[in-house]
Amino acid sequence: MPAPASNRSRARSADFGQWYLDVVRDAELASYSPVRGCIVVRPYGFALWEHVRDALDRRIKETGHENIYLPLLVPESLLETEAKHVEGFSPQVAWVTHGGADELAERLAIRPTSEAMVGAVYRDLIQSYRDLPVLVNQWANVVRWELRTRPFLRTAEFLWQEGHTFHASAAEAREEAERMLGVYREIWQDWLAIPTITGRKSEAEKFPGADVTLTGEALMGDRRALQMGTSHDLGSNFARAFDIRFLDRDNERRHPFGTSWGFSWRTIGAVIMVHGDERGLVLPPRIAPIHVVVVPIWRTVEERAAVEAAIAPVEAALRAQAVFGDQRIRVRVDRRDDVTPGYKFNDWELRGVPIRLEVGPRDVAAGTIVVAERLPATDGTGAKESVSVDHLPADVAARLERIQTRLLERSITFQRANTHRVSGWDELVDVNAAQGGFLVTGWCGSAACERDVQATTGATLRVLPFEGELEELEPPTACARCGAPASETAVFARAY
RNA sequence: CGGGGCGUGGCGCAGCUUGGUAGCGCACCUGCUUUGGGAGCAGGGGGUCGCCGGUUCAAAUCCGGCCGCCCCGACCA
């Protein structure tokens, strides 16, 4: 069967970067727009984001937070209030300078994030210890004037969630930052089927204005790392800068302690790069816009009628079937009559639909349906099977849950296989050049050594992992750069 | 921000070196045959060649300027 000349994805193994762009385009997740650095998220891509978003939104609410909405435009004087914050973000801020024809007296920043706005707003809303804790979140777009575009991973405008909280004590704020990183970790692992190494960022890598930045780092299919989301303990930095105070039980005025945490549509890029294969997208069932696609097969109008009649009750039964607790199976019957079944098989595989059902005259006669699973090509599984119509819904639900599990197992295996303990400078340089992946080593804590590693290898200090994150690896006891006793275990990697 | 590339029907591209009726694949429309792994044949519709200026009898093609986007590197979710 001859393939069309265009619209074929590049080989993943040959050119990972181009493969990524091809998958985004061919699976109809997103396209470029007339605006530099800004993408159009198409319905299939947005549905994917919505499933991730809804799962996270539920957990954010379950952990006691409420959603709000803050202004898009931030007066320059506000943005400048916290010194380190403005220093960190100023190179990336887009400015509104005119209203109509008139130049504004004060420029307005298009929010790169909302800490400054939160500070200004909650300065007035927080008066008493009874007003604490403040636990709010917003789903919003932000703009950071990026000089390089990669759909989902790096765009000038992107969608995310930013949580903001204030607490009466430093310990409570730290707990909150840790709690929300834990919530993120659940989503990454249980929904996106992506394992992460969680921990702290170094001073050089942390959020401008934060005391501590917590992060989750994942490994993409090309062995480069991706920061999946961050959670910041802001201490009382923003409260002091914005003069936020509360009157405590003892009648003393005190600054509250803040956190902020963000999770963006970049995670969609991670799903593509972690699970995708030579045939295109592979989606974890929990977030797949379509769980099951049904492809009818027929030649004559009589056959078509018989096949349609056989599909109707199957479709209804599948839609009624529970999966993953409270979800229902999401079914699409592909009734297009301008393309052949073969075309549809390839089309839905490219788009990562976990399960395909084929129903033709032979199946109708036998009371069966052909089931094919969309698993990574290397699994060697996914051959077609004939299944009786009777227990199809339960069978499909079980398969979806098994696929979800298998994808996670597979990505954990990949991460383990590409996490290397390196104990000295030569080994660090060699392993990074030869294999890439996560490089676990000792670090003396000095910024100079951190800089040297980056300058020489291109790998950055991704994370200082929490206790137990690398349980099977005994960390080196000396700094890989200078040989001094290590005060930290560090994970270096070339990153996106 | 440095380096490179590209702007030609909806999409992907060729044509430009050497100026002379704008072409190919996909998509689209009509008909017939097809349909269990990216269908075939026949006919058909659609483009002031990114913009401005210059050279020329004549510019997609040569010259100058501008704009835009993409890719590769330094910074960032």
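The chains referred to below are lettered A, B, ... by the order of the sequence lines, with proteins before strands, and numbering in each begins at 1.
- The partner of B/G47 cannot be assigned: no Watson-Crick or G-U wobble pair with both contacts below 3.5 Å exists in any strand.
- With sequence neighbours left out, the salt bridge (Lys or Arg N to Asp or Glu O under 4.0 Å) criterion links A/Arg299 to no other residue.
- Spacing of P atoms, B/C52 relative to B/G5, comes out at 25 Å, to the nearest Å.
- One can place CZ of A/Arg25 at 16 Å from P of B/C26, the figure rounded to the nearest angstrom.
- Rounded to whole Å, atom P of B/C26 lies 15 Å from atom CG of A/Asp338.
- The pairing partner recorded for B/G64 is B/C52, the criterion being a Watson-Crick or G-U wobble arrangement whose two distances lie under 3.5 angstrom.
- On the P atoms, B/G19 is 12 Å away from B/C63, given to the nearest whole Å.
- When heavy atoms are screened at a 4.0 angstrom cut-off, A/Gly216 is found touching no nucleic acid atom at all.
- In this structure, A/Arg362 atom CZ and B/G37 atom P are separated by 9 Å, rounded to whole Å.
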(message) Counting primed atoms plus P, OP1 and OP2 as sugar-phosphate and everything else as base, spell out the protein contacts along nucleotides 72-77 of chain B at 4.0 Å heavy-atom distance: B, S or - for each nucleotide, 5' to 3'.
(response) SSBSBB

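- Nucleotides B/U56 and B/A42 have their P atoms positioned 48 Å apart, rounded to a whole Å.
- Paired with A/Leu56 under the rule side chain to side chain contact (heavy atoms under 4.5 Å, CB included), one option of A/Trp188, A/Trp191, A/Trp139 passes, and it is A/Trp139.
- B/C26 and B/G64 are spaced 37 Å apart, taking the C1' atom of each and rounding to whole Å.
- Taking atom C1' on both B/G23 and B/G40, the two are 24 Å apart, rounded to the nearest angstrom.
- Remark: A/Glu205 engages no residue in a salt bridge (Lys or Arg N to Asp or Glu O under 4.0 Å) (not counting sequence neighbours).
- Nucleotides B/A14 and B/U55, compared at atom C1', are 27 Å apart to the nearest Å.
- Rounded to an integer number of Å, the gap from A/Asp334 CG to B/U35 P is 18 Å.
- Taking 4.0 angstrom as the limit, A/Thr340 places none of its side-chain polar atoms (N or O) nearer than this to OP1 or OP2 of B/U35.
- Base pairing analysis places B/G9 opposite nothing; no Watson-Crick or G-U wobble pair with both distances below 3.5 Å involves it.
- With a 3.5 Å ceiling on both atom-pair distances, B/A77 lacks any Watson-Crick or G-U wobble partner.
- Each of A/Asp211, A/Asp233, A/Thr165 was compared with A/Thr259 under the side chain to side chain donor-acceptor pair (under 3.5 Å) criterion, and only A/Thr165 meets it.
- With distances taken from any side-chain atom of A/Trp298 to the nucleotides B/G36, B/U35, B/G37, the minimum falls on B/U35.
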